[in-house]
Amino acid sequence: MTAKTCIELVPIFSTLTSDEMMEIAKITVSNTYKKGEMVYLAGERKKQLFVIHEGKVKITRLSSSGKEQIIRVLGPGNFMGELSLFSDAPMINNAEVLDDTTVCIIDGEKLKTLMIKYPAIAFKILEELSTRLEKAETLIENLGINNVETRIAQVLLNLVNERGEVVLDTSKRDLASYIGMSQETLSRKLSYFQEKGWIKLMGHRRIILLSKENLRNLL
């Protein structure tokens with residue numbers, strides 16, 4: 001894999017020419033992580049932009065009591081660590097690898113110089129940050145005003161594909177953490193939905209939605 005191949009996956013670089021991408025490639029190295037390894041930890045100072053080429057990474061934060069809250073799960077083409085480019089503060093999140101993953105690591109200081117040369121990169125990063133902020137605000141709102149059943153129904157309806165199925169790209173434990181409940185509560189409520197005939201559980205990561213209408217009625 002070349003650094004340019006990794007860069008071509010990322011929407012923030014999509015407007016660059018081949019020669020401009022090569023400039024980014026010159027300040028990029030790649031690293032491979034095994035499942036369970038950490039790309040970075042809260043408190044570290046990195047000054048790097050991390051781009052996922054292959055695999056999945058979950059971004060998490062720990063409460064003072066040690067409880068893990070999943071912020072987002074990222075896959076190929078997604079990037080992380082962007083806040084370190086604009087702030088001297090240490091990382092506030094952890095980045096844990098969910099599958100064997102290859103990450104392209106871009107030198108942050110040199111990237112900022114290229115942002116001045118190619119403002120489109122900076123605008124694309126701002127667009128992505130705005131999208132993430134909107135999702136975070138929606139999640140905070142859901143956690144604050146919606147009950148457990150409403151949160152589960154909403155995430156199922158958001159994740160359903162055109163075949164009427166939800167195929168989880170994380171474990172149910174991670175999904176439960178993301179929507180602010182215990183794994184036991186999530187499993188109990190999914191079983192209740194199945195008993196009502198609204199869904200059908202197929203193994204650990206596949207859920208068939210049998211009645212979207214009943215799920216929508218919970219919203």
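Note that this is a predicted model, so its numbers are computed, not measured.
A side-chain donor-acceptor contact under 3.5 Å links Lys47 to the backbone of Ser84. No donor-acceptor pair closer than 3.5 Å links the side chain of Ser87 to the backbone N or O of Leu83. Judged by distance alone, with hydrogens and angles left aside, the side-chain atoms of Asp100 form a donor-acceptor pair with the main-chain N or O of Lys35 at under 3.5 Å.
Residues His53 and Cys104 come closest through the heavy atom pair CB-SG, 4.3 Å. Considering all non-hydrogen atoms of both residues, Thr102 and Ser30 come closest at CG2-CB, 4.5 Å. Closest non-hydrogen pair, Asn161 versus Arg163, comes out as OD1-N, 2.9 Å. Pairing each heavy atom of Leu85 with each of Gln48, the nearest pair is CD2-C, 4.2 Å. The minimum heavy-atom distance between Gly197 and Ser211, with the atom names listed, is O-CB, 4.4 Å. Nearest heavy-atom pair across Gly43 and Pro90 is O-CB, 3.3 Å.
A perpendicular orientation is assigned to the rings of Trp198 and Tyr192, their planes being inclined by more than 60° (bins at 30° and 60°).
Hydrophobic cluster membership is shared by Phe86 and Leu114, with clusters built from Ile, Leu, Val, Met, Phe, Trp and Tyr side chains linked at under 4.5 angstrom. Using a 4.5 Å cut-off between side-chain heavy atoms of Ile, Leu, Val, Met, Phe, Trp and Tyr, with links allowed through other members, Val57 and Val29 fall into the same hydrophobic cluster. With hydrophobic clusters built from ILVMFWY side chains whose heavy atoms lie under 4.5 angstrom apart, Leu129 shares a cluster with Ile106. Under the 4.5 Å side-chain contact rule for hydrophobic residues, Leu219 and Ile179 share a cluster. One hydrophobic cluster, built from ILVMFWY side chains closer than 4.5 Å, cannot hold both Val97 and Leu62; they sit in different ones.
Rounding to the nearest 0.5 Å gives a distance of 11.5 Å between CD1 of Ile207 and CE of Met202. Annotation: the span from Gln194 atom CD to Leu201 atom CG amounts to 4.0 Å, rounded to 0.5 Å. Distance CD1/Ile105 to OH/Tyr40: 11.5 Å, rounded to 0.5 Å. To the nearest 0.5 Å, atom NZ of residue Lys46 and atom CG of residue Leu41 are 8.0 Å apart. Distance check: Lys34 NZ to Thr101 OG1 gives 10.5 Å after rounding to the nearest 0.5 Å. The distance from atom NZ of Lys110 to atom CG of Leu49, rounded to the nearest 0.5 Å, is 15.0 Å.
Defined by atom type and a distance below 3.5 Å, a donor-acceptor pair is present between the side-chain atoms of Tyr118 and Glu23.
Remark: of the listed residues Glu195, Glu149, Glu184, Glu149 is the sole one forming a salt bridge (charged side-chain N to carboxylate O under 4.0 Å, His left out) with Lys189.
Contact check for Ile121 versus Ile125: side-chain heavy atoms found under the 4.5 Å cut-off. Phe193 places a side-chain heavy atom less than 4.5 Å from the side chain of Leu218. Within the 4.5 Å cutoff, side-chain heavy atoms of Leu157 are placed close to those of Leu209. Between Met181 and Ile152, some side-chain heavy-atom pair lies under the 4.5 Å cut-off. Taking 4.5 Å as the limit, every side-chain heavy atom of Ile199 sits out of range of all side-chain heavy atoms of Leu210. The shortest side-chain heavy-atom distance between Tyr178 and Val73 does not fall under the 4.5 Å cut-off. Using a 4.5 Å heavy-atom cutoff, the side chains of Ser177 and Gln183 are not in contact.
Dense packing is recorded around NZ of Lys112, with more than 12 heavy atoms of other residues, nucleotides or ligands lying under 6.0 Å away. Atom CG of Asp88 has 12 or fewer heavy atoms from other residues, nucleotides or ligands within 6.0 Å. The environment of CZ in Phe123 is sparse: at most 12 heavy-atom neighbours from other residues, nucleotides or ligands sit within 6.0 Å.
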Please walk me through it: do Leu168 and Asp174 pass side-chain contact (heavy atoms from CB on, under 4.5 Å)? CA-CA 10 Å; Leu168 300 178; Asp174 287 342; over 6 Å; no
Where do Met80 and Asn93 land on the side-chain contact (heavy atoms from CB on, under 4.5 Å) test, with the steps shown first? CA-CA 10 Å; Met80 52 200 177; Asn93 298 324; over 6 Å; no
Between Thr60 and Glu96, is the side-chain contact (heavy atoms from CB on, under 4.5 Å) condition met? List the steps. CA-CA 8 Å; Thr60 66; Glu96 180 182 345; 5.5 Å; no
Can Arg173 and Glu68 be said to form a side-chain contact (heavy atoms from CB on, under 4.5 Å), step by step? CA-CA 10 Å; Arg173 173 180 173 273; Glu68 180 184 84; 4.0 Å; yes
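By the 4.0 Å N-to-carboxylate-O rule, Arg216 lies too far from Glu213 to be salt-bridged with it. Taking a cutoff of 4.0 Å between a charged side-chain nitrogen and a carboxylate oxygen, Lys56 and Asp169 do not qualify as a salt bridge.
Under the ring-ring contact (aromatic ring centres under 6.0 Å, His included) criterion, Phe13 pairs with no residue at all, not counting sequence neighbours.
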